[in-house]
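A short worksheet on the structure shown next.
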Amino acid sequence: MSNIKVRFAPSPTGFMHIGNTRTALFNWLLAKKLGGKFMLRIDDTDTLRSKAEYEAAIRDALHWLGLEWSEEARQSARAARYQEVTERLKQAGRVYACYETPEELEFMRKRLLNKGLPPIYDRSALKLTPEQIARYEAEGRRPHYRFKLVDGDIVWHDMVRGECRYSEKNLSDPVIIREDGSFLYHLPSVIDDVDFGITHIVRGEDHVTNTAAQIQMFEAIGGKVPTFAHLPLLTGKEGKLSKRLGSLGVKELRAEGVEAMAICSFLAKLGTSESIEPFYSLEELAATLDFSKMGRSQPKFDEAELKHFNTRMLHTMPYEAVKDRYSVSAEFWNAVRGNLEVADDVKLWDSICRQTLIPQIEDKSLCDAAADLLPPEPWNDNTFNEWMSAVKTQSGKKGKELFHPLRKALTAMDNGPELKILLPLIGRDKAYKRLKGETA
RNA sequence: GGUCCCAUCGUCUAAAGGUUAGGACACCACCCUUUCACGGUGGUAAUAUGGGUUCGAAUCCCGUUGGGAUCACCA
């Protein structure tokens, strides 16, 4: 076992959606490909917005997708550890107290922006005299804390973006502790990554500037900087599909009949130079993972395209992949899968063959004739063809005129698997009655 | 506004200075199946824009336009 470890770190402030899923998937695939571990970390530092129901839904979605984890952690349980590290950083002068109110900060940002300047925090808290601080404290102001970035360029080699370089001058010192004493995302994330031995971080490119700041945090606490991969964000027709704005839920897709492996296959290849093809296992998919094949521009995610792909995938879906979900035989599955739009449609065909239905008689004389010509059982491979030539000869009908009314009578459907395949599954008794217009 | 990223068929992309600009999905046509679907074959379709550099530019450089990210007491 290698020492490779990756993590998926959702904040339980919303449901799993396509953007989240993509991030989780790539992390999982990377762990699998490198023979490493995949960890789930619940980033619930935002206690106001975090909800147990979201967390449960995220876990459900991960299980359903097959993205199993071998280890987990919860940030809300690690406050003492964060506090300890923060104390050290305060001693080292890397964390400092600030007394501006959110309103003041907002005002400063607007003023800078209006002057055409970047809205970067000016570090005025660093210039506060002990008297000023005492006055703020006396006023009842509680400090929030920032991490002090040090001068110089921050450089890393990104698995998808290549060399990335940021100057500290263009970055604000990130706030790491709120006025109420609770931690914000940045530092706990880094502490966890160090403590849990995370070697690779795959996330959306909305995090690139965070990465610049966080690299200094890794260095400040003496941790090893992981390898990063920042994926281009997905976009959609109605706007962005980033992890916050993305609204297409995994649960909804599932309810609409989209297969877990269709989602995974689709997301793993979208935006890469490889074509989107069905993969029937995550292991198989992991073997093909290659960040160098990831494009740098933002791919468009189209739900309709995913559903179309899902349907296409079903047409070649091996019986093994569904046998636990449906009580149908391999023969039956292979016979009908080419006509499925969603996998659940197999139940419809199963019931058409085994349950009773009200036939739809479009051409009574044709159906009557067909019923009378129906050969006695046992049937063999030629039975259907022999029967059809007999019906054709007697009725003088062929092609659609012949098949469509028979299909409607036998299945009450406009289209579906070949009648030749369906007929033996329906059986002579039902077939005869249905052709005669009887419910059977 | 600063910083960073991006721009090739409808979509995802290939072509690390010389290609009839390739593939996949979608779409269309034809074939197969005595229906639909499945399947097979083929086809339509692209280098945002203006300047350079070069014998030669999708490719290198600069500008323009357009898109995106970020600059939160969200993650």
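Proteins come first, then strands; the chains are lettered A, B, ... in the order of their sequence lines, and each starts at number 1. Every heavy atom of this structure was used, including side-chain atoms; hydrogens, water molecules and symmetry mates were not.
- Atom CG in A:Leu231 sits about 16 Å away from atom P in B:C12, given to the nearest Å.
- Relative to the side chain of A:Phe403, the nucleotides B:C5, B:U35, B:A75 differ in distance, and B:U35 lies closest.
- The closest side-chain donor-acceptor pair between A:Thr211 and A:Tyr166, if any, does not fall under 3.5 angstrom.
- No side-chain heavy atom of A:Glu331 sits under 4.5 Å from any side-chain heavy atom of A:Tyr319.
- Under the 3.5 Å distance criterion, with hydrogens and angles disregarded, no donor-acceptor pair is assigned to the side chains of A:Lys293 and A:Thr288.
- As judged by a 4.0 angstrom heavy-atom cut-off over every strand, A:Glu179 is placed among the base-contacting residues.
- Across all strands, A:Val208 comes closer than 4.0 Å to no nucleic acid atom at all (heavy-atom distances).
- By the criterion of a centre-to-centre distance under 5.5 Å and near-parallel planes under 30°, the ring of A:His207 forms a stack with the base of B:A75.
- In this structure, A:Asn210 reaches the bases: a heavy-atom distance under 4.0 Å links it to at least one base atom across the strands shown.
- Closest to the side chain of A:Thr45, out of B:G2, B:A75, B:A69, is B:A75.
- Here the rule is side-chain contact (heavy atoms from CB on, under 4.5 Å) with A:Ile215, and of A:Val190, A:Ile154, A:Val155 only A:Ile154 fits it.
- Rounded to whole Å, the separation between the P atoms of B:C31 and B:G66 comes to 49 Å.
- Between A:Lys251 and A:Glu53 there is no salt bridge, since none of the side-chain N atoms of the basic residue sits less than 4.0 Å from a carboxylate O of the acidic one.
- Ranking B:U35, B:C73, B:A75 by closeness to the A:Ser11 side chain, first place goes to B:A75.
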Taking only N/O atoms, report every protein-nucleotides 13-15 of chain B pair under 3.5 Å with atom names and distance.
from, atom 1, to, atom 2, distance (Å)
B:U13, OP1, A:Gly271, O, 3.4

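- Residue-to-nucleotide contacts include no donor-acceptor pair under 3.5 Å from the side chain of A:Asp206 to the base of B:A75.
- No engagement by A:Phe309 is indicated, since no non-hydrogen atom pair under 4.0 Å with the nucleic acid exists.
- Comparing B:U11, B:A72, B:A75 by their nearest atom to the side chain of A:Glu305 picks out B:U11.
- Counting any heavy atom pair closer than 4.0 Å across all strands shown, A:Ile177 reaches no nucleic acid atom.
- For A:Arg7 (side chain) and A:Asp193 (main-chain N/O), no donor-acceptor pair under 3.5 Å exists by modelled atom type.
- The listed nucleotides are B:U34, B:U3, B:U33; the one nearest the side chain of A:Tyr166 is B:U3.
- Residue-level contact check: A:Leu406 touches neither bases nor backbone, having no heavy atom under 4.0 Å from any strand.
- When heavy atoms are screened at a 4.0 angstrom cut-off, A:Glu401 is found touching no nucleic acid atom at all.
- Residue-level contact check: A:His404 touches neither bases nor backbone, having no heavy atom under 4.0 Å from any strand.
- B:G22 and B:A46 are spaced 12 Å apart, taking the C1' atom of each and rounding to whole Å.
- Looking at heavy-atom distances under 4.0 Å, A:Thr101 makes contact with a base.
- B:U8 and B:A58: their P atoms are spaced 15 Å apart (whole Å).
- Within 4.0 Å (heavy atoms only), A:Gly416 reaches at least one base atom of the nucleic acid.
- The side chain of A:Arg178 sits closest to B:C73 out of B:G1, B:C73, B:U11.
- Both A:Leu117 and A:Lys269 lie near RNA chain B, and the one whose nearest nucleotide falls closer to the 5' end is A:Leu117.
- Comparing the P positions of B:G63 and B:C6 gives a spacing of 15 Å, expressed to the nearest Å.
- Between the C1' atoms of B:U11 and B:C27, the separation comes to 11 Å (whole Å).
- Nucleic acid contact for A:Leu402: none, since no nucleic acid atom lies under 4.0 Å from a heavy atom of the residue.
- Using a 4.0 Å heavy-atom cutoff across all strands shown, A:His308 reaches sugar-phosphate atoms only and no base atom.
- Proximity note for A:Arg312 (side chain, C-beta onward) versus B:C36, B:C73, B:C25: the nearest is B:C25.
- Residue contacts shown for A:Asn339 include a base, since a base heavy atom lies under 4.0 Å away.
- The side-chain heavy atoms of A:Lys51 and A:Thr13, taken from C-beta on, include no pair separated by under 4.5 Å.
- Between the side chain of A:Lys300 and the base of B:U11, no donor-acceptor pair under 3.5 Å is found.
- Side-chain proximity of A:Ser389 to the nucleotides B:U11, B:A75, B:U34 is greatest for B:U34.
- A:Tyr121 and A:Tyr96 have parallel rings, their planes meeting at less than 30° on a 0 to 90° scale where 60° marks the start of perpendicular.
- Side-chain atoms of A:Arg146 do not come within 3.5 Å of backbone N or O of A:Pro174 as any donor-acceptor pair.
- When the salt bridge (charged side-chain N to carboxylate O under 4.0 Å, His left out) test is applied to A:Arg123, the partners found at least two apart in sequence or on another chain are A:Glu168, A:Asp173.
- Between A:Phe218 and A:Phe228, the two ring planes are perpendicular [angle over 60°; tilted spans 30° to 60°].
- Remark: the backbone N or O of A:Ile358 is not paired with any side-chain donor or acceptor of A:Arg434 at under 3.5 angstrom.
- For A:His315, the listed nucleotide lying nearest its side chain is B:C38; candidates were B:C73, B:C38, B:C4.
- In the set B:U34, B:C73, B:A72, B:A72 carries the atom at the smallest distance from any side-chain atom of A:Ser172.
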Pairs under 3.5 Å (N/O, protein and nucleotides 40-46 of chain B):
none

